[in-house]
Structure formats: C-alpha cells, structure tokens
Amino acid sequence: MSRFGGRVREYPWVSIDRFDHHNLRARAYFLSHCHKDHMRGLRAPALRRRLECSLKVNLYCSPVTKELLLTSSKYKFWENRIVALEIETPTQISLVDETSGEKEDIEVTLLPAGHCPGSVMFLFQGENGTVLYTGDFRLAKGEAARMELLHSGTRVRDIQSVYLDTTFCDPKFHHIPSREECLNGILELVRSWTMLSRYHVVWLNCKAAYGYEYLFTNLSEELGIKVHVNKLDMFKNMPEILYHVTTDRNTQIHACRHPRDDYYFRGNRLPCGVTSQNGTPLHIISIKPSTMWFGERTKKTSVIVRTGESSYRACFSFHSSYSEIKDFLSYICPVNVYPNVLPVGLREDQVIELLKPLCRSYRRNMEPKYKPLGTLKRVHKTDLSDTGKSSLRAKFCDQTFHELSEPEENTVEVLSHGSDATSASNSSGKKHSDLTSGVTGDQQEPNAHLPRWDAFFKCNRTDESSENEDNFPSSADAGGSQSLFSDSEGVSDSTHISSQNSSQSTHISEQGSQGWDSQMDTVLITSQERNAFDFSCFNKDCEEDAETVSDSSRTPDLELKKDSQSSSDFEIPLTPDAELPQPDKLRSLYRKLARSHNMKRKCS
DNA sequence: GCGATCAGTT
DNA sequence: CACAACTGATCGC
C-alpha cells in the first residue's frame with residue numbers, strides 16, 4: 001500500500017496519487033492508476049471546493065485511467081478537469097499560481113507501468129532535474145532498457161530522483177514467476193477443468209481491483225470462453241477487454257464477486273448465485289490469484305498450488321519482484337531513490353539500505369554503517385572522492401557516467417516534443433559521445449605489449465561456467481546481464497552500461513542476500529568463484545586487489561580509462577586486453593589475482 | 001450523517 | 001506466503 005505523501009521534493013507544486021492535506025494546494029494533480037490507495041482525498045469535499053474556486057487546476061492521467069475514473073459517478077465532478085495524456089508523449093504543463101500569477105513549466109511523460117489497465121509512471125523534467133515517479137509497477141527485467149523515453153540518445157537519462165514502488169523490495173521476494181509463466185499455469189488448469197464437461201466451471205477468486213483484466217482476456221482468447229463479471233460498464237470504450245467479459249452467468253469461467261463468496265463457494269455455489277445448469281449441478285473449482293515468491297536460493301515450485309479438494313492458488317503479481325526492482329533501479333541509476341511503499345516487516349531505513357547501492361548518491365553519502373565489504377572499500381572511496389572525478393561512481397553506476405560529467409541539457413529536451421524528441425536526443429547524444437571520445441581518446445589504439453588476461457587465467461567457460469550457468473541466475477547476474485544481453489538489439493552502449501551494472505548488482509547481492517542468509521562471506525571469495533567469465537567481477541577483483549595490496553600507482557585518471565574501456569571488455573569477454581593502462585601495473589595485478597584465484601580454487 | 005481511521009477479514 | 005478492498009467500530013466535525 002502506498003504511503004507516498006503526494007509530493008516530490010523537486011516539484012512541490014504538483015501532487016501525485018494523493019489529494020488530501022497539503023496536496024490541496026497543488027497547481028496540478030496526477031493519478032498513476034485507479035486503485036483506492038492512490039486516490040486518497042480525490043473525492044473529498046475539500047478538493048471539490050478547491051476545484052470550484054480554481055480555474056486552472058487539472059488532473060492528468062492516462063486515457064484509460066480517465067475512463068475508469070469517470071465510470072464511477074462519485075468522480076463525475078472531475079469530468080471537465082481531467083486531462084488525458086497519451087502514453088510516451090512528452091507534454092509541457094504550466095504550473096500557475098492563481099493568486100500571484102507565478103508560473104513554472106514542467107514537462108511530463110507517461111510511461112507504461114504494467115500494473116493494471118491505464119497504469120503509468122510519470123517522468124517529470126524541469127529546472128530542478130528529472131524525476132521519475134513509478135506509481136505501482138510490474139516490469140520484467142530489461143524493460144527499462146527498452147523504454148525509449150527513459151533515454152536521451154542511446155544513454156539512459158540523468159535522473160535526479162526516483163520515487164519507487166517498493167512493495168516487494170525485500171530479498172525474500174527475490175523472484176516472482178513472470179506474467180507469462182503465471183498465465184500459462186492458470187490457462188492450463190482452467191483448460192483441463194473446463195474441458196471435462198460443460199458443467200465444469202472455474203471461479204477466479206480475484207480481489208475487487210483492476211489488474212486481472214489481462215488474465216480474463218487471455219483465458220477468453222485461448223479457450224473461447226468469456227469471463228463472467230459483476231460489472232463491465234467501465235470497459236465500454238475498451239473493446240479489447242469488453243469482448244472477453246460478460247454479464248451472462250451462463251459461462252464456464254467466473255470472476256464475479258459477492259460479499260460472502262467464500263461461503264457461497266463452500267455450498268458449491270458461484271458468487272453470482274448459480275449452482276446448477278438445466279438441473280445438473282455444477283462442478284466448481286476456485287482459483288485464487290495470489291503472489292508467490294522465491295528467495296534467491298529457494299527451489300522454484302509450481303505456479304499453481306492445490307489448497308483443497310476444489311481450491312487452487314495461482315501465482316499472480318501486480319508488483320515487481322526484488323530482482324526486477326533492482327534491475328529497474330540499477331538501470332536508471334538515479335542520484336536519489338525514495339520508497340513509496342514499506343514491504344511488510346521492513347522499516348524505511350532497511351529499504352533504503354537495500355536501494356542505496358543502486359544509486360549514484362550512495363558513494364558520496366555512504367555512512368559508516370556499511371559492513372559486509374569491510375573498511376577497505378570505504379577507505380578506497382574516500383580516497384577517490386577526494387581526488388575529484390567520481391570514478392568509483394562511474395564504476396558502480398557507469399551508464400550515466402558520461403552524462404554526469406556534464407549537466408544534462410534540459411532546455412534542449414524540454415523544447416522538443418513528440419517527434420522532435422529524436423532530434424533533441426540526437427543533439428544531446430552527440431554531445432555525450434563527444435565527451436566520451438574526449439575521455440577515451442588517448443587510449444584508443446590497442447597495445448600489443450600489454451600483459452594479457454588469458455596468459456594468467458586459462459580456465460573458464462569449460463568447467464566452472466557451466467556449473468554456474470546451471471544455477472538459477474543470482475539476483476545480480478539476472479538483473480544486470482539478463483536484461484541487457486538477451487534483449488540485445490543494437491545499442492552497444494547499453495551493453496557496455498550493463499556490464500558495469502551487473503558488477504554493481506553482484507556487489508549488492510553479496511551484501512544483501514548473503515547477509516540475509518547469514519552467510520557472511522567476503523566479497524573476494526564470492527567473486528573469485530565467479531571470476532573470469534564475469535567481467536564485472538573481474539573489475540571488482542582487480543580493484544580490490546589493487547587496493548589491498550599495492551595502491552600506489554592508482555590515480556583517478558587510471559580508473560577512468562579502465563571504465564571507459566569496459567565496453568570492449570564485454571565484447572571480447574575473455575581477453576580484456578584492449579587497452580589497460582600501465583603494462584607493468586597490470587601485469588602485477590593479474591599476477592596477484594591469478595595467485596589468489598588459484599588458492600581459492602584449491603581450497604574449494 | 002458523512003468521512004477519516006483503525007483493526008480484522010477475505 | 002500478499003494485495004486491495006471491504007466491513008464494522010469509533011471518533012470528530
């Protein structure tokens with residue numbers, strides 16, 4: 001349940017998903033989706049009065065949300081004040097103070113959130129930076145990377161703050177089966193039951209909320225059986241849903257509800273009252289969609305669980321899992337993150353601890369609470385932040401590094417709308433690539449005399465890699481690489497980015513999950529286990545080793561070079577010989593790493 | 001009497 | 001296994 005107060009600190013004149021208290025003074029309102037916990041105060045007399053006295057205050061939402069909202073007569077008074085914004089169409093909005101005439105412009109873009117019909121995230125851009133409010137969301141790994149408008153050119157936007165749906169932001173919710181897996185499980189169960197006879201019917205025990213529609217439409221589509229629901233007038237202008245639902249109780253799939261539907265069901269009666277057809281009693285099973293999750297090491301079980309003679313529970317989630325959240329956030333890599341939800345059993349500070357390592361601000365503001373990695377990292381960081389350019393931040397959050405090096409040109413972005421966005425992106429993209437080449441410029445030519453990684457490490461891809469790949473992907477690996485590699489298609493820049501990302505995520509998962517499982521291994525050991533075929537780990541090891549053993553030659557400049565070449569590391573994973581700085585230094589690093597590597601392998 | 005809030009239920 | 005919403009009790013306006 002959302003506990004977001006309604007305002008983002010960068011743009012206090014807008015209120016999102018909250019309409020009470022201080023939000024009554026907002027200059028513009030935004031609604032991410034039609035769930036009650038995001039609509040507090042929306043039909044309160046106080047807001048109604050405000051609306052009557054003011055000419056310019058509007059509510060912005062997606063066309064579908066507007067439709068769903070206005071279906072309820074309780075919100076009819078909003079009718080002329082709701083502005084439906086098309087998805088993925090940047091729109092400029094003037095925030096005017098009606099008493100002083102004071103004005104501020106903001107650009108907003110709606111991004112699909114995958115939570116329920118009409119659900120969106122809001123991307124705000126203005127003079128106080130770019131802010132992403134996610135509302136509630138379920139996005140699979142890699143989906144952020146596929147959202148064009150989260151990017152500027154080929155790179156992810158420089159996002160100041162993310163206000164994040166953290167419903168399942170807890171390592172215990174590491175994995176939730178994908179929509180497709182869940183859907184297929186339910187589909188097969190429903191298919192096998194309804195096939196038995198026309199008197200075999202299923203009751204989908206869904207909570208009264210938007211979000212199950214894609215289940216209904218898919219079942220109907222696949223099985224040719226419409227779904228009985230209590231109400232469907234809200235879908236009157238959504239043919240793709242309307243076609244698959246019905247108010248005719250004479251169907252084999254029901255998603256109707258009744259206040260005492262459990263009691264009805266125990267009496268072999270559907271919530272709509274039907275108990276037989278043509279005198280023949282029905283055979284009813286109930287399927288209750290509910291969230292099922294799996295920890296990082298939990299063995300996956302079926303997405304369908306039988307809970308009684310005629311009852312089943314089926315996996316279904318409106319919200320992203322922990323690993324999906326990590327994938328999303330680490331891809332965006334904002335400066336700040338604020339949780340909108342407290343997962344059950346966690347305090348706000350605990351959630352922030354989990355998210356912080358995925359953000360840029362982490363390195364700078366790190367508090368001495370940070371334990372699992374020991375003091376070395378911290379010393380290291382202090383060292384480097386003193387020397388200026390945030391090279392460590394670049395390592396841990398590389399995708400935005402180049403953008404960060406210079407302030408993003410908001411003006412360019414804001415001026416261009418819709419189709420012009422491309423040209424805007426191009427211009428800023430060009431700028432960034434100029435910058436990039438500036439950084440990497442003096443080490444473009446490969447150096448033949450540099451020591452080679454494979455001269456020190458022969459193994460990999462044969463023994464260890466297979467064993468590792470068989471495992472269920474660990475949070476980090478899954479988060480970083482899966483999303484970015486499988487998805488592929490051009491964008492070699494993102495690939496580069498994610499290699500860094502996965503390094504970052506790995507790092508986190510050691511800290512987070514292992515800590516949780518009270519397995520306080522050092523990072524060194526864990527990354528050794530994975531070395532060689534995971535270059536993100538290589539970077540880390542290299543760094544740690546250099547740090548612990550001989551640090552003298554490290555300069556921020558050197559770090560920069562290492563980072564900027566990592567894209568080539570990734571293209572040729574086993575021979576990162578592209579252009580590492582200072583051959584002798586590198587040789588000694590490799591040697592140390594190789595030694596350590598062998599020792600560990602003997603030990604295990 | 002309405003709405004906000006809380007605890008309990010599904 | 002939770003979520004989102006509903007129910008009912010209580011309180012204040």
Side-chain angles (χ1 to χ4, degrees), chain A residues 1-6 17-24 31-49 68 72 74-75 77 113-119 135-138 165-177 179 182 185 203-215 229-231 234 255-266 270-271 286-296 298-308 311-322 324-325 340-346 351:
Chain A
M1 291 280 193
S2 178
R3 35 167 253 137
F4 177 66
D17 287 355
R18 276 298 287 269
F19 310 91
D20 52 1
H21 304 297
H22 56 254
N23 298 300
L24 288 165
L31 178 63
S32 69
H33 66 285
C34 260
H35 277 167
K36 292 283 192 298
D37 59 322
H38 291 255
M39 295 160 62
R40 285 223 267 174
L42 191 55
R43 62 186 201 89
L47 185 57
R48 235 179 138 131
R49 280 195 299 274
L68 297 177
S72 163
K74 290 173 176 155
Y75 298 96
F77 69 94
H115 176 69
C116 71
S119 67
D136 284 350
F137 74 96
R138 172 127 204 227
D165 173 15
T166 44
T167 303
F168 291 132
C169 189
D170 182 326
K172 79 174 183 230
F173 302 118
H174 176 77
H175 176 72
I176 296 173
R179 258 205 195 87
C182 298
W203 171 45
L204 301 171
N205 182 358
C206 301
K207 294 296 160 224
Y210 296 118
Y212 299 99
E213 291 74 13
Y214 81 87
L215 175 61
V229 293
N230 289 22
K231 277 185 76 202
M234 59 284 227
C256 43
R257 293 187 311 273
H258 183 276
R260 299 174 66 197
D261 45 24
D262 253 22
Y263 169 80
Y264 271 47
F265 176 68
R266 284 193 291 273
L270 288 162
S286 81
I287 304 174
K288 185 174 193 164
S290 40
T291 311
M292 291 180 190
W293 62 89
F294 305 94
E296 195 166 0
T298 324
K299 206 175 166 196
K300 264 212 280 183
T301 60
S302 167
V303 296
I304 305 283
V305 174
R306 191 166 185 177
T307 53
S311 321
Y312 297 83
R313 197 167 56 220
C315 183
F316 198 92
S317 179
F318 296 136
H319 299 271
S320 275
S321 67
Y322 181 57
E324 287 166 345
I325 293 173
N340 290 345
V341 183
L342 284 189
V344 277
L346 289 192
V351 182

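Bear in mind the structure is a predicted one, so any value in this text is a computation, not a measurement. A, B, ... follow the sequence lines: proteins, then strands. Residue 1 opens every chain.
Atom CD1 in I287(A) sits about 21 Å away from atom P in dT10(B), given to the nearest Å. K288(A) places its NZ atom 13 Å from the P atom of dT9(B), with the value rounded to the nearest Å. In this structure, F137(A) atom CZ and dC3(C) atom C1' are separated by 16 Å, rounded to whole Å. If you take NE2 of H33(A) and P of dA5(C), they are 8 Å apart, rounded to a whole angstrom. The interatomic distance linking D136(A) (CG) with dA2(C) (P) rounds to 17 Å, in whole Å. Remark: C1' of dA2(C) and CG of D170(A) are 12 Å apart, rounded to the nearest angstrom. Remark: C1' of dA2(C) and OH of Y212(A) are 10 Å apart, rounded to the nearest angstrom. For the pair H35(A) NE2 and dA5(C) P, the computed distance is 5 Å after rounding to whole Å.
The two atoms that bring H319(A) and I176(A) nearest to each other are O-CD1, 4.1 Å, heavy atoms only.
Nucleic acid contact class of H258(A) (heavy atoms, under 4.0 Å, all strands): none. Residue K36(A) is classed as a sugar-phosphate contact, given heavy-atom separations below 4.0 Å to backbone atoms only. Across all strands, F173(A) comes closer than 4.0 Å to no nucleic acid atom at all (heavy-atom distances).
When each of dC3(C), dA5(C), dC1(C) is scored by its nearest atom to the side-chain atoms of V344(A), the top-ranked nucleotide is dC3(C). Among dT5(B), dA5(C), dT10(B), the nucleotide with an atom closest to any side-chain atom of H21(A) is dT5(B). Looking at the side chain of F168(A), the nearest of the listed nucleotides dA5(C), dC3(C), dT5(B) is dC3(C).
Between the side chain of H258(A) and the main chain of R260(A), a donor-acceptor pair closer than 3.5 Å is present. D165(A) places no side-chain N or O within donor-acceptor distance of the main-chain N or O of S320(A), the cut-off being under 3.5 Å.
Taking the six-membered ring for Trp and the full ring otherwise, the centers of Y210(A) and F318(A) sit at least 6.0 Å from each other. Two rings, from F294(A) and Y322(A), have their centers 6.0 Å or more apart.
To the nearest 0.5 angstrom, F19(A) atom CZ is 10.5 Å from L24(A) atom CG.
Mapping P259(A) and T167(A) onto DNA chain C via the closest heavy atom, the residue that lands nearer the 5' end is T167(A). Residue R313(A) is the one, among A209(A) and R313(A), whose nearest nucleotide of DNA chain C lies closer to the 5' end (criterion: closest heavy atom).
Interface residues of residues 38-45 of chain A facing DNA chain B, ordered by number: R40(A), A44(A); criterion, heavy-atom separation under 4.0 Å.
Under the 30°/60° scheme for interplanar angles, the aromatic rings of H115(A) and H33(A) are found to stand perpendicular.
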